[in-house]
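Lettering follows sequence order; numbering is per chain, from 1. Below, all heavy atoms of this structure are taken into account, side chains as well, without hydrogens, waters or symmetry copies. For clarity, every value in this text was computed on a predicted model and none was experimentally measured.
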There are 2 protein chains.
Amino acid sequence: MARTLARRADVIGPIAEAFREHGYDGATLSLISKATGLGKGSLYHFFPGGKEEMAKAVLIEVEAWFEAQIFARLETGERSAAEIGRMFDAVAEYFRSGRRVCLVGAFALSDSRDHFAVALRAYFDRWIAALKQALIRAGCDEAAAAGLAEEAVAGVQGAIVLARALDDPAVFARCIARLKARLEPRPSA
Amino acid sequence: MARTLARRADVIGPIAEAFREHGYDGATLSLISKATGLGKGSLYHFFPGGKEEMAKAVLIEVEAWFEAQIFARLETGERSAAEIGRMFDAVAEYFRSGRRVCLVGAFALSDSRDHFAVALRAYFDRWIAALKQALIRAGCDEAAAAGLAEEAVAGVQGAIVLARALDDPAVFARCIARLKARLEPRPSA
DNA sequence: GTCTATAAAGCGATAGAC
DNA sequence: GTCTATCGCTTTATAGAC
């Protein structure tokens, strides 16, 4: 039952990777064509709105992945302290210890921020809200949880920037380990 | 004594701003031309290597600014605890509470990272080393200082990303305030 | 030192055959 | 659904007048 014809869902992953590696401007249609194995004609068949529609589809898919794999579990997982630890592990794997860029973070620093403002804000708002909820359920008071959640999400983004600039995944690992330790509930809290 | 002819040094600032606002790819020569008020002919007169030479010149100028205004004072300032606080204030002003992107951080996330790898690494290595030195002089032991310095520099970058994504300078201010508090020497340390 | 004109290449996007 | 050919435009970079 080999599928020879592509579905739209099949090409979003490779397109996302092209945007991560080259940025919005740098990911030219010919690069995207190479990454997906599809000609421009096919790409415009799936995304009539062109490059901008591709980027929006990618952002939607990225948030859906985080929602299913990370955000939802933070809010509803039974042992929420364990879920927080799991979040850091999942994030380290997803971003490949800083070798892989966060698409949303990269767009936030780029020229295209205003174009995708709604999606960028939604992603980070949601992440912070889910993490805050997990912290509260783990015993934090609300104010402390809000601060720690914001700090951790910013910290992950900073870890990616720094690890890429120094070209050293160990930097990323250390940053994540520090955040993880800081968000662990301690007897004194 | 009005100067009508431009010097190379006069145009690096506007070029830096163009790269910050639009990224390396997005900062086209016609945008740079508009930002500097100079035609392409003049730009190539100052930077025969074209856009790449402009970016390298900008990175050198940025590091020189940080060296003079921040790094050197961290290492040699008399009251090093006060210098650390001053660093956060200077950084908040320089990055305009996250409204202004860190050029080095943005390059690190972008496609052009490999092209400017040496400059990116130098900037962050230097920042971390200077901050670590200040922390040691303020009473930290070496291991703690290394961790705190790395955490703070990453934290600043993350604060910029997050504040831009959420389009909220208050996010930046809170992140910086938390970092500042964490690096303050306390009696228990 | 500054400009305009221009070259050569690549861009996003479209048309239309299959 | 996929492709090739092509349009119109912008890009970086160069040439040469002033």
Practice task
Could you identify which residues of residues 17-29 of chain B place a heavy atom less than 4.0 Å from some atom of DNA chain C, listed by residue number, or say none?
Solution key: none
Handout entry: Validation row: B/Met87, B/Leu179 side chains within 4.5 angstrom (heavy atoms)
Key = no
Exercise for the section: Taking B/Arg137 for its side chain and B/Gly77 for its backbone only, find out whether a donor-acceptor pair lies under 3.5 Å. Expected result: yes
Exercise for the section: Under 4.0 Å from any atom of DNA chain D, heavy atoms only: list the residues of residues 30-46 of chain B that qualify, in numerical order. Expected result: B/Ser30, B/Lys40, B/Tyr44
Practice task
Could you tell me how the ring of A/Tyr24 sits relative to the ring of A/Phe19: parallel (under 30°), tilted (30 to 60°) or perpendicular (over 60°)?
Solution key: parallel
Practice task
Before accepting this row, confirm whether a basic side-chain N of the pair B/Glu53/B/Arg8 lies closer than 4.0 Å to the acidic partner's carboxylate O.
Solution key: yes
Practice task
Taking the six-membered ring for Trp and the single ring otherwise, decide whether the centroids of B/Phe172 and B/Phe95 are under 6.0 Å apart.
Solution key: no
Exercise for the section: Answer yes or no: is there a donor N or O on one side and an acceptor on the other, between the side chain of A/Arg121 and the main chain of B/Leu166, under 3.5 Å? Expected result: yes
Fill in the blank from the handout: Sorted by chain and number, sequence neighbours left out, side-chain contact (heavy atoms from CB on, under 4.5 Å) with B/Lys56 holds for B/Glu52, B/Phe116
Practice task
Within residues 47-54 of chain A, find the residues that approach DNA chain C with a heavy atom at under 4.0 Å, and present them sorted by residue number.
Solution key: A/Gly50, A/Lys51
Exercise for the section: Look at atom NE2 of B/His22 and say whether more than 12 heavy atoms of other residues, nucleotides or ligands are closer to it than 6.0 Å. Expected result: yes
Show me the donor-acceptor pairs within less than 3.5 Å that the side chains of residues 144-151 of chain B make with the rest of the protein, sequence neighbours left out.
residue  : atom : partner  : partner atom : Å
B/Glu150 : OE1  : A/Arg174 : NE           : 3.0
B/Glu150 : OE1  : A/Arg178 : NH1          : 3.3
B/Glu150 : OE1  : A/Arg178 : NH2          : 3.0
B/Glu150 : OE2  : A/Arg174 : NE           : 3.3
B/Glu150 : OE2  : A/Arg174 : NH2          : 2.6
B/Glu151 : OE2  : A/Arg182 : NH1          : 2.3

Exercise for the section: Report the C-alpha separation of A/Lys180 and A/Asp89 in whole Å, then their side-chain angles, then the decisive distance to 0.1 Å, and conclude whether the side-chain contact (heavy atoms from CB on, under 4.5 Å) test is met. Expected result: CA-CA 9 Å; A/Lys180 202 172 174 177; A/Asp89 297 339; 2.8 Å; yes
Practice task
Please find the earliest and latest nucleotides of DNA chain C, in the 5' to 3' direction, that have an atom within less than 4.0 Å of any heavy atom of chain A.
Solution key: C/dC11 to C/dT14
Practice task
Salt-bridge test for B/Arg100 and B/Glu17: reply yes if a basic N is under 4.0 Å from a carboxylate O, no otherwise.
Solution key: yes
Problem - Polar side-chain atom of B/Thr28 near backbone of B/Leu31 as donor-acceptor pair, under 3.5 Å - result: yes
